[in-house]
Number of protein chains: 2
Amino acid sequence: MQPTPPPSRPVAASAAQPVSRRERNRQDKIRRILGAATELFAERGYSAVATQEIADAADIGTGTLFRYAGSKAGLLMLVMNEQLRLGVERGITLSRNGTAPTEAILALVAPLVESGCHHPENTAAYQRETLFGSGPEREAAAAHVARIECAIEEILRRYVATRGMRPGRDLGMAAHVIYSTMYMDIVRVCMGRAPADSLTNRLRRSVDYLLDTLVRPPTDRGTPPG
Amino acid sequence: MQPTPPPSRPVAASAAQPVSRRERNRQDKIRRILGAATELFAERGYSAVATQEIADAADIGTGTLFRYAGSKAGLLMLVMNEQLRLGVERGITLSRNGTAPTEAILALVAPLVESGCHHPENTAAYQRETLFGSGPEREAAAAHVARIECAIEEILRRYVATRGMRPGRDLGMAAHVIYSTMYMDIVRVCMGRAPADSLTNRLRRSVDYLLDTLVRPPTDRGTPPG
DNA sequence: CTCAATTCCGGACTGGACTCCGTTTCGAGC
DNA sequence: GCTCGAAACGGAGTCCAGTCCGGAATTGAG
């Protein structure tokens, strides 16, 4: 995406003191871009916002905007990755606090659900880019997904253990199936093909169903996987 | 999508004789558009083809092109819906001919798989639009998906019956989960995030796994699906 | 401070999807 | 055939994402 070596640095947290003028300018621009994009996308929706407007609001040239963001879609992912990051962490923490497995899994996608109900268009575009996009911003989003799937797998493992089930099932695949199904449910709502107010119930139903089936130990018969 | 009442007609097959001059022109244009788009997309890939080129190849103006197709994405869906239609029918027929359930389900998505291996970019764009697009062409694609899911459900029902299992499971949901999982597998390959040559094996593994788990009758315990 | 080297910036520009509206073609009544 | 209203056409024009390159800012050396 980035045209040529962008002004990338080890994107580490603000720790080092010896910040050059350049670096300060850079950080400041990033902050302005993120702020402008966050506000405009939230206010008017992804497709109704022109990159020019974001550049104007951030008080930079369009060339500069694309130097930092790579593409309009990348900009959206930047914004939403940031917003979802905390939510995902919180969800993971919550999910470890002994809740019922279904609720624990729902907690993991709670930020996406909330975002999906509040800003359907932006969330749909985000999910679309997660699956079909490219570039570093998509990688970051994919990392979120991977974290969530891992957390689901962990929940499944505990679920199986507490019930004394045979743990041999491919819980990684189960987690993947569960996430995929929830992804579809969320997208359906964001695209307006299912009512938003029923999203959590629908997710709960899907997760219940899958928990109840995917995770039970295999009987002796049948086609053993793998 | 269509700007104003497009020249739509009951898109029925060529049956009626009393075709006016207008109607003949219309059919002819549609044929030229579809031909040009099919060839160009296949030859150079969705993103590398400009709508202007399609219009030129079909020997019509760009305005006319969009009168018939609504959007570039709609054009792709028109083309691929047409190509997949026969394949899906064949898959459904095959799947009824007593094959093993896994193979029957794979037969249903065989056209998508083939398309995905041969024209990854076009197939990815098609799948993307199936999920995130809008307009009549997407409806048609969604109808294909619904047919496939129904066929999967039918396969599951037979599978359950022949094994004397309790048929009370929500097989519709199972079919949906299976299709969603295969969708993800196909997209992953089309996006180059998994090797194309392993696609069928990967699908088989997913389907085997899901067949083996989703479809077994519930035990007495647990949360019975509503 | 001055100067050169390097990096960064930004707005004019490009390419492409899509639209608008004047022109053309068609069909029906006469 | 001729005329008129309606539908279809098409290409000039619009809008917008994304690029390019000339020039500005920053840094380091002397």
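Protein chains get the first letters and strands the later ones, always in sequence-line order, with residue 1 at the start of each. Predicted model, so just to flag it, every value in this text is computed and none were measured.
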Exercise for the section: Ignoring backbone atoms, test whether A:Thr51 places a side-chain nitrogen or oxygen under 4.0 Å from the OP1 or OP2 oxygen of D:dA17. Expected result: yes
Exercise for the section: Would you check if A:Glu129 and A:Arg138 make a side-chain contact, meaning some heavy-atom pair closer than 4.5 Å? Expected result: no
Practice task
May I ask you to evaluate whether A:Arg22 reaches the phosphate of C:dT7, defined as a side-chain N or O under 4.0 Å from OP1 or OP2?
Solution key: no
Practice task
Specify the separation, in whole Å, of atom CD of A:Gln52 and atom P of C:dC13.
Solution key: 14 Å
Practice task
Side chain of A:Thr64 only, please: which of D:dG10, C:dC9, C:dT7 is the nearest?
Solution key: C:dC9
Practice task
Send over the distance from A:Ile60 CD1 to C:dC8 P, rounded to a whole Å.
Solution key: 14 Å
Exercise for the section: Give a yes/no on whether any side-chain N or O of A:Tyr68 is located under 4.0 angstrom from OP1 or OP2 of C:dC9. Expected result: yes
Fill in the blank from the handout: Side-chain atoms of B:Ala50 come closest, of C:dA17, C:dG27, D:dG11, to C:dA17
Practice task
Report yes or no: is there a donor-acceptor pair, N or O only, under 3.5 Å between the side chain of A:Thr62 and the base of C:dG11?
Solution key: yes
Practice task
For D:dA25, take OP1 and OP2 only and decide whether either is under 4.0 Å from a side-chain N or O of A:Asn25.
Solution key: no
Handout entry: A:Asp59 CG to C:dC8 P, straight-line distance once rounded to whole Å
Key = 19 Å
Completion exercise
Atom CZ of A:Arg32 and atom P of C:dC9 are separated, to the nearest Å, by 9 Å
Exercise for the section: Specify the separation, in whole Å, of atom CG of A:Leu76 and atom C1' of D:dC16. Expected result: 17 Å
Exercise for the section: Determine whether A:Arg202 and A:Arg188 make a side-chain contact, defined as any pair of heavy atoms from C-beta on separated by less than 4.5 Å. Expected result: yes
Exercise for the section: Using a 4.5 Å cut-off on heavy atoms from C-beta on, say whether the side chain of B:Met77 contacts that of B:Thr130. Expected result: yes
Handout entry: Position toward the 5' end of DNA chain D (nearest nucleotide), A:Gly63 or A:Tyr46
Key = A:Tyr46
Handout entry: Whole angstrom value for the distance that separates C1' of C:dT7 from CZ of A:Arg67
Key = 8 Å
Practice task
Using atom CZ of B:Phe66 as one end and atom P of D:dC9 as the other, report the distance to the nearest whole Å.
Solution key: 15 Å
Completion exercise
side-chain contact (heavy atoms from CB on, under 4.5 Å) with A:Ile155: of A:Thr99, A:Ile92, A:Ile105, only one passes, and it is A:Ile105
Exercise for the section: Would you kindly check whether a donor in the side chain of B:Ser20 faces an acceptor in the base of C:dG27, or vice versa, at under 3.5 angstrom? Expected result: no
Problem - Residue-phosphate contact under 4.0 Å: A:Lys29 side-chain N/O, C:dC8 OP1/OP2 - result: no
Handout entry: Closest listed nucleotide, where the reference is the side chain of A:Ser71 and the choices are D:dG18, C:dT19, C:dG10
Key = D:dG18
Handout entry: Cation over ring face, B:Lys72 and B:Tyr46, 6.0 Å, 45°
Key = yes
Practice task
Starting from P on D:dC16, measure out to NZ on A:Lys72 and report it in whole angstrom.
Solution key: 9 Å
